[in-house]
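Quick note: residue numbers are just sequence positions, from 1. The model shown is predicted, which means the values in this text are computed figures rather than measured ones.
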Amino acid sequence: MAARRVTSPRYSASAAAVNGADFLIIGGGVAGLSAGARLARHGRVVVLEAEAALGFHSSGRSATFSHFGIGNRIVRSLTAHSRDFFIAAGDGVLAHQSPALFVATEEMAPTLEALHRDMAAHTNSLVRVDETEMQRLCPPLRIGADSIVDGLLYTEGLRLDSDALLQAYAREIRAAGGIVETGRRAAAVAFEGGTWRIRTDQGELWSAPVLIDAAGAWADEVAAQAGVRPLGLKPLRRTIIVVDGPAGADVRGWPFVKTAVDDFYILPESGRLMASPVDEVESGPCDAQPEEYDVALAAWKVERYTTLSVARIAHRWAGLRTFTTDRTPALGFDEDAPGFFWLAGQGGFGLQTAPAVAEAVEALVTGAAWPERLAAAGVGAEDVDPKRLRQPT
C-alpha cells in the first residue's frame with residue numbers, strides 16, 4: 001500500500017476528545033523521530049514515546065560510532081547514504097570524525113580480509129596497518145603472535161552524538177506543527193472507520209490514517225495489540241562497561257577498536273574507555289540491565305586484547321538491539337493491515353543509518369519515487385519490504 005498525502009480526519013462533536021493527525025508514530029527513538037522529521041513536510045506528525053525520555057532503551061545506549069564494519073550490504077549502503085547528512089551538519093554538531101581500527105588475531109585474518117573487501121565497496125579511506133602503527137594508534141593493544149597481528153584502519157569514521165540527533169529531529173517535528181510526547185504508552189490500538197486510534201495509559205485518544213510502528217524491541221507487541229501479525233523480531237541484549245585508561249594517558253584521540261569477528265570493541269568515552277564483549281543475549285522487550293556474567297566477560301576481554309588491568313568498573317549498562325531474521329530493516333506497509341507501517345529491525349545500526357532509512361520511509365509512506373541514491377547503491381524497496389519476512393501460515 002502507498003499512502004499519498006493525507007489530511008487529518010474530521011470528527012463530530014461527540015468525538016471532540018480525539019486528537020487527529022496525519023501520521024501517528026509509536027516510538028520516540030531515532031527511527032521514529034527521524035521518520036517523523038521527514039514526514040512532517042507532508043502533514044501533521046504525532047510521536048508517542050512510552051518512556052519519560054526520548055531514545056531511552058536503544059538509541060540512548062548505543063556506542064554511537066558510524067563505520068562500515070557492521071551489517072550486510074543493505075546496511076552498509078544505508079550507512080553510506082547517511083554520511084552526507086551528518087557531515088553537512090558541520091563537525092561537532094551531530095558527529096565528529098574519528099578513526100576506526102579493525103584488528104585480527106591469526107585466526108581472524110580471513111575475516112579481516114573479507115571485511116576489507118566489503119568495506120572497500122563503500123569507501124576508499126582504508127589503510128592496512130602493521131603492528132607498530134596499531135600500537136601507536138592505541139598503545140595498550142596486546143600485539144604479538146598470541147594476540148593481535150594485523151589491522152585495518154578506516155580513517156573517516158564518525159562518532160555520533162545520539163542526544164543531539166534525537167533532539168534535532170524532535171525540534172524539526174515540532175517546528176512543523178507536530179507533537180512529540182514522552183510518557184505516553186499505548187494502552188489500546190485499533191483500526192476503526194478507516195483510521196488508526198490509540199488510547200494511552202493517561203486516557204488520551206489519538207487518531208490518524210497512517211500508524212507507524214517504530215517501537216523497537218516492542219514493535220511486534222504493538223502489532224499484536226493492533227491485531228496485526230508480528231514479524232518475528234528478535235531483541236538481543238548487549239553489555240557495555242567503562243574502565244580507566246592507563247595512568248596519566250590522554251585517551252581522547254584513540255580510535256574505535258574492534259576485532260574483525262564480533263568478539264570485542266573498545267573506544268574513548270569521556271576520558272575513560274568504553275568496552276563491550278559484543279554479546280548478543282536473547283531477551284524479551286524490557287529495560288535491559290547488565291548481568292554479572294556479561295560484565296565479567298567484558299572485563300576479561302579488555303585484559304585479553306589489551307595490556308590494561310581492570311581494577312574497577314566505573315560504569316556499566318546494557319541495551320537491546322532488535323533484528324529481523326535477515327538482519328535488514330523492515331520498512332513498509334503491512335500487506336494485511338491498511339495504513340499500518342512497519343519501521344523495525346534497526347539492530348545495532350539504527351543511529352548510523354537513520355537519515356537514509358527516514359528518506360526511504362518518506363518515499364514509501366507518501367508514494368513518492370524511491371530515493372535515486374539508494375537505487376544507485378543497489379538498494380530497492382523490495383529489499384526492506386516486510387513481506388519478505390512473512391512465513392506461510
Can you name the ring-ring contact (aromatic ring centres under 6.0 Å, His included) partners of [X], sequence neighbours left out?
{"X": "F191", "value": "W196"}
{"X": "W300", "value": "none"}
{"X": "F323", "value": "none"}

SB check [X] [Y] (cutoff 4.0 Å):
{"X": "D336", "Y": "R390", "value": "no"}
{"X": "D262", "Y": "K258", "value": "yes"}
{"X": "E204", "Y": "R199", "value": "no"}
{"X": "R184", "Y": "E51", "value": "no"}

Establish whether [X] and [Y] are linked, either directly or via other cluster members, by ILVMFWY side-chain heavy-atom contacts under 4.5 Å.
{"X": "L137", "Y": "W254", "value": "yes"}
{"X": "M274", "Y": "V257", "value": "no"}
{"X": "L166", "Y": "F85", "value": "yes"}
{"X": "I26", "Y": "F56", "value": "no"}
{"X": "M108", "Y": "F102", "value": "no"}

Checklist entry - Going through the distances and angles, do D383 and R388 end up as a salt bridge (Lys or Arg N to Asp or Glu O under 4.0 Å)? => result CA-CA 8 Å; D383 294 311; R388 74 187 193 279; over 6 Å; no

Nearest 0.5 Å, please: how far is [atom2] in [Y] from [atom1] in [X]?
{"X": "L126", "Y": "R117", "atom1": "CG", "atom2": "CZ", "answer": "13.0 Å"}
{"X": "L364", "Y": "I212", "atom1": "CG", "atom2": "CD1", "answer": "10.0 Å"}
{"X": "L389", "Y": "L233", "atom1": "CG", "atom2": "CG", "answer": "8.0 Å"}
{"X": "L165", "Y": "D163", "atom1": "CG", "atom2": "CG", "answer": "9.5 Å"}

Flag, side chain of [X] to backbone of [Y], donor-acceptor distance under 3.5 Å:
{"X": "K234", "Y": "T322", "value": "no"}
{"X": "S309", "Y": "A311", "value": "no"}
{"X": "Q225", "Y": "A187", "value": "yes"}
{"X": "T155", "Y": "P99", "value": "no"}

Set of salt bridge (charged side-chain N to carboxylate O under 4.0 Å, His left out) partners for [X], sequence neighbours left out:
{"X": "R136", "result": "E133"}
{"X": "R373", "result": "D84"}
{"X": "D250", "result": "R252"}
{"X": "E303", "result": "none"}

4.5 Å side-chain heavy-atom contact, [X] and [Y]:
{"X": "I313", "Y": "V242", "answer": "no"}
{"X": "L39", "Y": "T366", "answer": "yes"}
{"X": "R142", "Y": "T306", "answer": "no"}
{"X": "F23", "Y": "L211", "answer": "no"}
{"X": "W317", "Y": "H315", "answer": "yes"}
{"X": "W206", "Y": "R197", "answer": "no"}
{"X": "R174", "Y": "I179", "answer": "no"}

Checklist entry - Please walk me through it: do F86 and V93 pass side-chain contact (heavy atoms from CB on, under 4.5 Å)? => result CA-CA 8 Å; F86 297 121; V93 178; over 6 Å; no

Next on the checklist: List the residues meeting side-chain contact (heavy atoms from CB on, under 4.5 Å) with F65, not counting sequence neighbours, and say none if there are none.
Outcome noted: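 Partners of F65 under the side-chain contact (heavy atoms from CB on, under 4.5 Å) test: H67, S98, A100, R159, F256, L267.
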
Item to check | Residue pairs involving residues 87-97 (criterion side-chain hydrogen bond (donor to acceptor under 3.5 Å, both in side chains); sequence neighbours excluded) | outcome: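 Residue pairs passing side-chain hydrogen bond (donor to acceptor under 3.5 Å, both in side chains), neighbours aside: none found.
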
Item to check | Sequence neighbours excluded, every pair satisfying side-chain hydrogen bond (donor to acceptor under 3.5 Å, both in side chains) that has a member inside residues 25-40 | outcome: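 Applying side-chain hydrogen bond (donor to acceptor under 3.5 Å, both in side chains) to every pair that reaches into residues 25-40, excluding sequence neighbours, yields R38-E362.
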
Item to check | Test log, rule side-chain contact (heavy atoms from CB on, under 4.5 Å), inputs L78 and V357 | outcome: CA-CA 7 Å; L78 294 170; V357 167; 4.1 Å; yes

Checklist entry - When you look at T259 and Y265, which way does the side-chain contact (heavy atoms from CB on, under 4.5 Å) test go after all the steps? => result CA-CA 6 Å; T259 51; Y265 70 68; over 6 Å; no

Checklist entry - Where do K301 and D279 land on the salt bridge (Lys or Arg N to Asp or Glu O under 4.0 Å) test, with the steps shown first? => result CA-CA 11 Å; K301 289 188 178 182; D279 48 335; over 6 Å; no

Which atoms form the tightest heavy-atom contact between [X] and [Y], and what is the distance?
{"X": "T324", "Y": "G345", "value": "CG2-CA, 4.0 Å"}
{"X": "S59", "Y": "L351", "value": "O-CD1, 3.8 Å"}
{"X": "G177", "Y": "R44", "value": "O-NE, 3.7 Å"}

Checklist entry - What residue pairs, at least two apart or across chains, pass salt bridge (Lys or Arg N to Asp or Glu O under 4.0 Å) with a residue in residues 237-248? => result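 Listed once each, the pairs are R237-D294, R238-E280, D244-R272, D244-R312.
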
Checklist entry - Between T79 and Q352, does any side-chain donor sit less than 3.5 Å from a side-chain acceptor? => result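 Result is yes, a qualifying pair exists.
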
Checklist entry - Distance only, no hydrogens: is a donor on one side chain within 3.5 Å (strictly under) of an acceptor on the other, for N72 and T328? => result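 Result is yes, a qualifying pair exists.
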
Checklist entry - Does anything in residues 115-143 pair up under ring pair (Phe, Tyr, Trp, His ring centres under 6.0 Å), and if so which pairs, sequence neighbours excluded? => result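 Ring pair (Phe, Tyr, Trp, His ring centres under 6.0 Å) check on residues 115-143 returns F68-H122.
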
Next on the checklist: Applying side-chain contact (heavy atoms from CB on, under 4.5 Å) to E291 and T239, what does each step give before you reach the verdict?
Outcome noted: CA-CA 8 Å; E291 299 285 344; T239 304; over 6 Å; no

